Amino acid sequence: MSSGLDARQLYKDRIEAVTEIWSKIMRNEVSTRNQLEELVYIIYKQKGVEPFRGFSKVRIYDKEIATVYIVGKYGLGLLDGELANALKNIFNVEIACDEAYNFLKNKNFQLGDNDTEQFRKMVDNEVLGPKTEERGFRLLRYVFTGTIMRFPDFPEENFVGTYKALSTAFPDLADRFMRYVKFYVAFRVAEDIALGNIKKIEEKKIMKYTHCLRLNLTKCVPHDKLIREIALRVYKVPRKVLDRLFPNEDQRSFIPKAQ
């Protein structure tokens, strides 16, 4: 398995890109969310950074604003006081997610009936999307971002806790939210491949189940095609390495579900 320190090196270029974005925000070069989305696109392309994604690219740079917010608040310590208030319209989605996440943290992810109802109302916020499922995915995306980048305020158990809280608050959507846990596990396995910690097909198979065991969750093993796509696009693993680890996967023949 990859160590946290080694894995963080995979995000060096991303953090540099986001730091540059923040320098432009601080110079008042961004006044709307749409402008910020366009800026993320431009800077990421210049730096060769791919947004966190699986197969879907739907509104992917808007979703990547979560990375900008988390680096700004939890990495650079910028979003306090007056600045946070000045930027609240740009980061309205992330602020709503952060409030819901911190509500869960303050409850130690142990929700009584009243807490569950309050959490449900915080998530069922039109700012986060037109449908409840999309709103839950936005919150999971937010916590996923902090967790995968190893920010201390986003330990892995909190990502699991967020998934469980959403599944309790919206039980009819529990299976859909599990897709995001698979998405997270796929990223962890792709990290291991990018770091050179997985060199054989057997090691890849074992690691998929190892991560699920560590999360103490079942049914969270991701599809190989998703792992391959993340390793190729996000972590820039050479195709020849992936062809050796995924010899039977032809990504062109797969019609994926949106991530």
Side-chain angles (χ1 to χ4, degrees), residues 11 13-76 78-79 83-102 122-149 151 154 159 162-163 166 173 176-177 179-180 183-184 186-187 226 229-230 233-235 256-259:
Y11 307 108
D13 291 345
R14 187 178 306 269
I15 290 175
E16 288 178 356
V18 172
T19 300
E20 183 172 335
I21 291 167
W22 269 107
S23 71
K24 294 182 180 296
I25 294 173
M26 299 296 284
R27 292 199 298 267
N28 296 317
E29 295 181 23
V30 177
S31 58
T32 68
R33 186 176 182 91
N34 286 340
Q35 287 178 348
L36 178 55
E37 181 182 353
E38 183 176 353
L39 181 61
V40 173
Y41 174 83
I42 292 170
I43 299 297
Y44 271 35
K45 289 297 184 183
Q46 289 175 350
K47 301 285 188 182
V49 175
E50 187 75 10
F52 289 126
R53 69 172 181 87
F55 288 100
S56 174
K57 297 182 182 179
V58 176
R59 300 193 68 195
I60 197 62
Y61 286 94
D62 181 78
K63 295 172 183 176
E64 189 66 22
I65 290 175
T67 304
V68 180
Y69 184 88
I70 287 172
V71 171
K73 178 171 182 176
Y74 294 97
L76 302 174
L78 295 175
L79 282 163
L83 183 61
N85 189 58
L87 298 175
K88 64 182 180 181
N89 291 329
I90 294 177
F91 292 110
N92 58 339
V93 173
E94 292 69 35
I95 289 170
C97 288
D98 197 61
E99 289 175 351
Y101 175 60
N102 280 291
M122 296 178 80
V123 173
D124 233 350
N125 181 345
E126 62 183 10
V127 167
L128 300 182
K131 299 179 181 179
T132 302
E133 177 182 337
E134 294 174 44
R135 296 166 185 175
F137 279 154
R138 273 289 182 149
L139 176 57
L140 284 168
R141 165 89 184 198
Y142 181 78
V143 182
F144 158 87
T145 299
T147 302
I148 204 69
M149 294 181 72
F151 279 92
F154 294 83
F159 174 75
T162 303
Y163 155 73
L166 282 167
L173 295 172
R176 306 301 294 258
F177 293 141
R179 284 170 43 196
Y180 224 95
F183 183 65
Y184 173 75
F187 263 86
L226 178 58
E229 180 74 2
I230 293 167
R233 307 299 179 187
V234 178
Y235 296 117
K257 296 179 180 178
Q259 294 290 341

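Not measured: the values here are computed from a predicted model. Position 1 is the first residue of the sequence; numbering continues from there. Computation of the quantities below employed the complete heavy-atom set of this structure, encompassing side-chain atoms and omitting hydrogens, waters and symmetry-equivalent molecules.
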Check whether Arg135 reaches the backbone of Asn125 with its side chain - one donor and one acceptor, N or O, closer than 3.5 Å.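 It does hold such a pair.
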
Can you check whether [X] reaches [Y] side chain to side chain, under 4.5 Å on heavy atoms?
{"X": "Met149", "Y": "Thr67", "result": "yes"}
{"X": "Tyr11", "Y": "Val71", "result": "no"}
{"X": "Ile148", "Y": "Phe154", "result": "no"}
{"X": "Tyr41", "Y": "Glu37", "result": "no"}
{"X": "Leu166", "Y": "Leu173", "result": "no"}
{"X": "Arg14", "Y": "Lys47", "result": "no"}
{"X": "Ile25", "Y": "Ile90", "result": "no"}
{"X": "Val18", "Y": "Tyr44", "result": "yes"}

Can you classify the ring geometry of Tyr180 versus Phe137 as parallel (below 30°), tilted (30 to 60°) or perpendicular (above 60°)?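 Tilted, since the angle between the ring planes falls between 30° and 60°.
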
To the nearest 0.5 Å, how far apart are [atom1] in [X] and [atom2] in [Y]?
{"X": "Thr162", "Y": "Phe177", "atom1": "OG1", "atom2": "CZ", "value": "11.5 Å"}
{"X": "Asn92", "Y": "Leu87", "atom1": "CG", "atom2": "CG", "value": "11.5 Å"}
{"X": "Leu79", "Y": "Ile70", "atom1": "CG", "atom2": "CD1", "value": "11.0 Å"}
{"X": "Leu226", "Y": "Arg53", "atom1": "CG", "atom2": "CZ", "value": "10.5 Å"}

I'd like to know if Lys131 pairs up with Glu133 as an ion pair, taking the criterion as any Lys NZ or Arg NE/NH1/NH2 lying under 4.0 Å from an Asp or Glu carboxylate oxygen.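 No salt bridge links Lys131 with Glu133.
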
Set of residues satisfying side chain to side chain donor-acceptor pair (under 3.5 Å) with respect to Asp62, sequence neighbours excluded: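 Here the qualifying residues are Arg33, Arg59, Arg138.
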
What are the two closest non-hydrogen atoms of Ala186 and Ile230, and how far apart are they?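 What the structure gives for the nearest pair is CB-CD1, 3.7 Å.
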
Taking all non-hydrogen atoms of both residues, which atom of Gly54 and which atom of Phe183 are closest, and how far apart?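 Here Gly54 and Phe183 meet closest at N-CE1, 3.4 Å.
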
Any residue meeting ring-ring contact (aromatic ring centres under 6.0 Å, His included) with Phe91, in chain and number order, not counting sequence neighbours: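 Only Trp22, Tyr69 meet the ring-ring contact (aromatic ring centres under 6.0 Å, His included) criterion with Phe91.
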
Which donor-acceptor pairs under 3.5 Å do the side chains of residues 139-146 make with protein atoms, sequence neighbours left out?
from, atom 1, to, atom 2, distance (Å)
Arg141, NH1, Phe52, O, 2.6
Arg141, NH2, Phe52, O, 3.0
Arg141, NH2, Glu64, OE1, 2.9
Tyr142, OH, Asp98, OD1, 2.5
Thr145, OG1, Arg141, O, 2.8

